[in-house]
Amino acid sequence: MSDLEKFKAFADKWIPELAQAIRDADFSSFCRPFDPEMDDDFSEQEFIESITEEQDGLGYLEEHKYLGHVKGSQERYPGCIRFVYSGVFTQSEGLIICCVHERDGQLYMNEHVYYWD
């Protein structure tokens, strides 16, 4: 299996699981796929504020479709791949972007963002 296939399978697995964690406002479940060595001080309070804004604009994710990928350019995560999905939410449509990298043989996510107008 190529890195692309392996990374995409990881992203595909986590998109619905992260959507469920957002729906449940479950910070610990949301954090599971992320690299524990990330220097991000993303707190539970920031998570709640972020998902509240997302729910106001989009609602909850109902379905998603893979659109494509690009190689990431993050120096911190060499070899990362950014995946783009379209998402149908309860109130609107948007894009889902997630970036996956490998460290010490383990796959991690280092970005998961919803974009909407």
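Every value quoted in this text rests on a predicted model; they were computed, and no experiment measured them.
Taken from CZ in Arg76 to CZ in Arg103, the straight-line distance is 10.5 Å, to the nearest 0.5 Å. If you take CZ on Phe34 and CD on Glu37, they are separated by 15.5 Å, rounding to the nearest 0.5 Å. Phe7 CZ to Ser2 OG: the interatomic distance, rounded to the nearest 0.5 Å, is 9.5 Å. The CH2 atom of Trp14 sits 11.5 Å away from atom CG of Leu107, with the distance rounded to the nearest 0.5 Å. Here the straight-line distance linking atom CD1 of Ile48 with atom OG of Ser50 works out to 9.5 Å at 0.5 Å rounding. With values rounded to the nearest 0.5 angstrom, Lys71 atom NZ is found 10.0 Å from Asp3 atom CG.
Leu4 and Phe10 end up in the same hydrophobic cluster when Ile, Leu, Val, Met, Phe, Trp and Tyr side chains are linked at under 4.5 Å.
Note on ring orientation: taking the six-membered ring where Trp is involved, the planes of His69 and Tyr66 are parallel (angle under 30°, cut-offs 30° and 60°). Under the 30°/60° scheme for interplanar angles, the aromatic rings of His112 and Phe30 are found to stand perpendicular. Relative orientation of the His101 and Tyr77 rings is tilted, given thresholds of 30° and 60° on the angle between their planes. Relative orientation of the Phe89 and Tyr114 rings is perpendicular, given thresholds of 30° and 60° on the angle between their planes.
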Dump the intermediate steps for side-chain contact (heavy atoms from CB on, under 4.5 Å) on Cys99 and Ile81, then the final yes or no. CA-CA 6 Å; Cys99 193; Ile81 301 174; over 6 Å; no

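Within a 6.0 Å radius of CD in Glu5, other residues, nucleotides and ligands contribute more than 12 heavy atoms.
Residue Tyr115 shares its hydrophobic cluster (ILVMFWY side chains chained together at separations under 4.5 Å) with Leu67, Val84, Leu95, Ile97, Val113.
Each salt bridge (charged side-chain N to carboxylate O under 4.0 Å, His left out) pair with one or both residues in residues 11-22, not counting sequence neighbours, appears once here: Lys8-Asp12, Lys13-Glu17. The list of salt bridge (charged side-chain N to carboxylate O under 4.0 Å, His left out) pairs with a residue in residues 42-51, not counting sequence neighbours, is empty.
With a 4.5 Å cut-off on side-chain heavy atoms, Leu61 and Ile22 do not count as touching.
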